[in-house]
Protein chains: 4
Amino acid sequence: MTKSKVAKPGPKRSRQPEVTRRNILDAALVEFAEKGLAGARVDEIAARSGSNKRMIYEYFGNKDGLWLFVLERAYEKMREEEHAIDVARMKPEDGMRYLMEFNFKFCSRNPEFIALLNAENLHKAGFLRNSKKIRELYTPLLAVITDLLERGAKEGVFRKGVDPVEMYITIAALGFFYFSNVHTLSTIFGRNLLGQKSQKTRLDHSIEVVLGYLRP
Amino acid sequence: MTKSKVAKPGPKRSRQPEVTRRNILDAALVEFAEKGLAGARVDEIAARSGSNKRMIYEYFGNKDGLWLFVLERAYEKMREEEHAIDVARMKPEDGMRYLMEFNFKFCSRNPEFIALLNAENLHKAGFLRNSKKIRELYTPLLAVITDLLERGAKEGVFRKGVDPVEMYITIAALGFFYFSNVHTLSTIFGRNLLGQKSQKTRLDHSIEVVLGYLRP
Amino acid sequence: MTKSKVAKPGPKRSRQPEVTRRNILDAALVEFAEKGLAGARVDEIAARSGSNKRMIYEYFGNKDGLWLFVLERAYEKMREEEHAIDVARMKPEDGMRYLMEFNFKFCSRNPEFIALLNAENLHKAGFLRNSKKIRELYTPLLAVITDLLERGAKEGVFRKGVDPVEMYITIAALGFFYFSNVHTLSTIFGRNLLGQKSQKTRLDHSIEVVLGYLRP
Amino acid sequence: MTKSKVAKPGPKRSRQPEVTRRNILDAALVEFAEKGLAGARVDEIAARSGSNKRMIYEYFGNKDGLWLFVLERAYEKMREEEHAIDVARMKPEDGMRYLMEFNFKFCSRNPEFIALLNAENLHKAGFLRNSKKIRELYTPLLAVITDLLERGAKEGVFRKGVDPVEMYITIAALGFFYFSNVHTLSTIFGRNLLGQKSQKTRLDHSIEVVLGYLRP
DNA sequence: GATGAATGAGTGTTCATTCAT
DNA sequence: TATGAATGAACACTCATTCAT
């Protein structure tokens with residue numbers, strides 16, 4: 001186990017700040033999502049990133065700073081995808097269906113996002129509240145929902161007077177909760193709710209609940 | 001085991017195993033709910049409990065063991081309250097309304113339960129899966145929902161063919177998600193969603209969603 | 001939020017891995033020899049080494065790992081010195097005399113070695129058995145003894161048919177036991193057996209026992 | 001010490017001070033011999049003894065006090081057995097043979113004694129030195145050896161001028177060392193030295209060494 | 001005399017963070 | 001910019017010992 005004193009040539013000194021930064025963020029996302037803020041290990045993030053601890057402190061100040069960056073990045077990603085949604089020309093019912101499917105599937109393929117949000121809620125959104133960046137990322141989904149509800153009501157296919165914020169929360173809940181609690185639910189019901197079939201059944205039911213409710 | 005004495009230990013050496021045990025569990029519930037498993041501190045739990053660390057290890061083996069006990073106790077508590085629900089003689093619609101209200105308000109007044117469940121899901125329900133005790137506590141709510149759906153369908157006030165498990169998840173989601181994500185949602189929407197008014201609005205909306213969906 | 005930390009200067013960050021490592025091993029040897037494995041304190045070793053606890057775990061994994069390294073090093077040291085012995089050209093009787101003296105004096109000036117071996121025997125050689133390194137360090141003394149016995153027998157100055165392994169154990173015993181039990185023996189006999197004179201008397205006697213036995 | 005009572009304590013509350021005392025000492029001997037003073041656990045001793053910790057402190061003051069009692073008892077036992085030796089009427093050579101066999105076999109069947117003595121030497125015989133009781137138990141073996149050497153010399157079968165104390169140490173060494181270091185030796189030589197055959201070979205060799213040396 | 005709950009000072013180990021190179 | 005050795009505070013957990021019953 002004797003370590004040589006010879007100065008090592010440095011096998012992978014990348015000297016690519018942006019790459020290093022991104023590698024750290026990627027590694028941190030995984031680690032934080034797996035273990036939460038308190039459970040995550042800076043050493044582990046450094047190892048996973050292929051970089052080293054010093055760089056984490058260089059770029060992000062400290063563990064908490066890194067957490068904030070990861071959180072901001074996760075929100076950005078979601079918002080970017082949400083922006084891609086265009087239901088303006090869809091029929092209200094189709095639009096709502098599409099939108100719920102998007103939300104459901106986003107949760108399905110981004111379990112880290114779920115974990116991150118739950119952790120952030122554990123901290124009473126302390127980081128989020130201090131992030132100007134995130135507060136500015138007002139969810140565009142709300143605008144889309146508002147538009148759909150208004151058009152639906154005007155066309156007589158949706159009931160009137162539905163509050164868009166409540167509708168938003170309901171839609172979010174129907175997707176998020178399932179994946180957020182999938183392990184405890186699977187355990188209690190004795191089924192693997194992450195299976196393809198279970199997910200489809202769940203999505204169909206959710207859509208039916210919302211559309212059933214919206215019908216006048 | 002005498003439980004006649006008050007929970008607060010005397011000046012020193014109270015010598016009441018059951019009381020000590022309970023005090024530790026109470027303190028642990030608070031600490032775990034506030035900081036999660038990794039973030040919780042055994043020292044802090046000991047201090048809060050008015051006892052000392054050694055007793056924690058005496059009664060619960062280690063931190064993980066304590067976590068499991070706290071989790072089991074939280075589930076038990078919920079199940080006990082659920083058992084008290086009797087909607088057998090209510091009209092299906094009233095029963096459903098009552099049941100949703102119960103679920104919503106349980107989440108509202110037991111934020112620790114929310115935090116605990118989220119943390120347990122972070123661990124992929126690893127503890128839950130190993131707890132025979134909890135697995136046996138099959139949620140009685142499911143039976144109640146099944147009964148309501150059947151009676152409602154028979155009486156023609158509810159649509160037919162609704163899967164009780166899906167219905168259960170939907171109801172749970174509509175209550176749990178709101179309180180689970182209340183801090184991030186409050187931050188993003190810039191309102192205090194924990195206010196009485198917001199809660200009432202939310203509950204009313206949720207009930208309306210479910211009943212609107214169920215109407216044939 | 002995660003941990004409150006204050007930056008302290010720290011007077012000496014030597015940054016010399018090999019030196020740090022060695023300092024730890026040196027300190028550990030003393031501490032282990034003085035108090036055994038269970039009685040030794042990692043804190044104490046860190047303090048004596050002039051380094052800190054974290055480095056111990058960095059280099060040796062844990063207390064047991066450190067013990068193993070110390071043990072291995074002690075064996076290596078003995079083996080190195082043993083290698084320096086060259087009795088090939090000495091007359092058998094002189095060679096045997098020299099060899100016993102070496103063994104006796106090695107024990108005399110390496111009391112830590114004695115303590116270490118006794119502790120390891122308390123653990124039923126559990127660490128030794130798992131150390132590939134040590135098992136490979138087959139004692140060269142045995143080869144030397146074998147050669148002496150053979151030459152002596154051939155030359156007619158030593159009795160024939162003496163088992164080298166038994167001879168080895170006898171020689172080892174006559175040196176090791178004295179120093180291993182010197183404190184209890186001194187107490188019981190009411191003399192300081194560590195004195196120069198006592199040691200000389202003892203060595204002379206031991207040599208005489210072996211040579212007396214070996215004479216045909 | 002009354003030995004009339006049966007060793008088995010009652011199901012609970014035995015109210016037999018002497019029995020409790022003895023059970024504790026028995027348990028402590030095993031625990032101390034297995035793990036040394038520092039490594040032994042008071043809890044474990046209490047559990048093994050079938051009694052409880054309070055009694056240990058009642059009877060022996062503290063852990064160190066218990067150690068001293070165990071040590072004294074071990075010495076007493078050895079001295080009692082040594083007293084049973086009667087070689088006064090044996091021929092010197094037979095006497096010496098018998099005595100070495102006794103010593104060897106005593107070590108063989110009392111490994112706890114070995115462990116205890118080694119531990120005590122680790123502490124530089126600190127406890128022994130403070131035990132008036134033990135210091136008074138001057139080894140009777142020495143007298144026996146002196147007698148044998150004198151008779152042997154007078155009869156012309158043993159060499160003259162052999163120091164009895166040196167002879168005592170040599171004999172002790174030849175028995176004690178083998179069992180004291182049996183695990184490390186077994187590991188290094190790759191044989192189980194505790195086997196019947198190995199022991200016999202060893203004893204025969206030891207006797208031959210001493211007798212070979214003593215012959216004029 | 002006996003029991004076992006209670007205690008506080010450790011004890012090995014891990015962590016986020018800093019600094020020399 | 002990059003590296004990884006170094007640090008001390010904290011962490012989970014253990015121990016000998018005491019005390020109420």
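Just so we're on the same page: letters track the sequence lines, and every chain starts at 1.
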Under-4.0 Å salt bridge between C:Lys35 and C:Glu31: yes
Whole-Å gap separating P (F:dT17) and CG (D:Leu66): 10 Å
Selection residues 35-56 of chain B - residue pairs positive for ring-ring contact (aromatic ring centres under 6.0 Å, His included), sequence neighbours left out: none
Residues A:Arg21 and A:Asp26 bridged, charged N to O under 4.0 Å: no
Touch class at under 4.0 angstrom, heavy-atom based, for A:Tyr59 against every strand present: sugar-phosphate
d(CZ, B:Phe60; C1', F:dT14) in whole Å: 18 Å
Consecutive Watson-Crick or G-U pairs in runs of at least 3, all under 3.5 Å, in which DNA chain E is involved: E:2-21 with F:2-21
Side chain of C:Met55 (C-beta onward), nearest among F:dT7, F:dA2, F:dT17: F:dT7
Under 3.5 Å donor-acceptor, B:Glu120 side chain and B:Leu71 backbone: no
Nearest atoms (heavy-atom pairs only) where B:Ile45 meets B:Ala27: O-CB, 3.6 Å
Atom pair distance, as rounded to whole Å: CZ in B:Arg21 and C1' in E:dG4: 16 Å
Please list, for nucleotides 9-11 of chain E, all pairs of protein and nucleotide N/O atoms separated by less than 3.5 Å.
unit_1: E:dG10; atom_1: O6; unit_2: B:Lys53; atom_2: NZ; d: 3.2

5'-most by nearest nucleotide on DNA chain E - C:Tyr57 or D:Asn52: D:Asn52
Interatomic distance, C:Glu58 CD vs F:dT3 C1' [rounded to whole Å]: 13 Å
Value in whole Å for how far the C1' atom of F:dA12 lies from CD of B:Glu44: 15 Å
Euclidean distance, atom CD of residue C:Gln16 to atom P of F:dT3 [Å, nearest integer]: 22 Å
Donor-acceptor contact present, side-chain A:Arg41 to main-chain A:Ala38, <3.5 Å: yes
Salt bridge present between A:Arg48 and A:Glu44 (N-O < 4.0 angstrom): yes
Backbone N/O of B:Gly65 and side chain of B:Asn62: donor-acceptor pair under 3.5 Å: yes
Between C1' of F:dA5 and CD of C:Glu18, the distance in whole Å: 12 Å
C:Thr20 vs F:dA5: side-chain N/O to OP1/OP2 distance below 4.0 Å: no
Under 3.5 Å donor-acceptor, B:Ser131 side chain and B:Phe127 backbone: no
Integer-rounded Å distance: F:dA12 C1' and B:Ile45 CD1: 11 Å
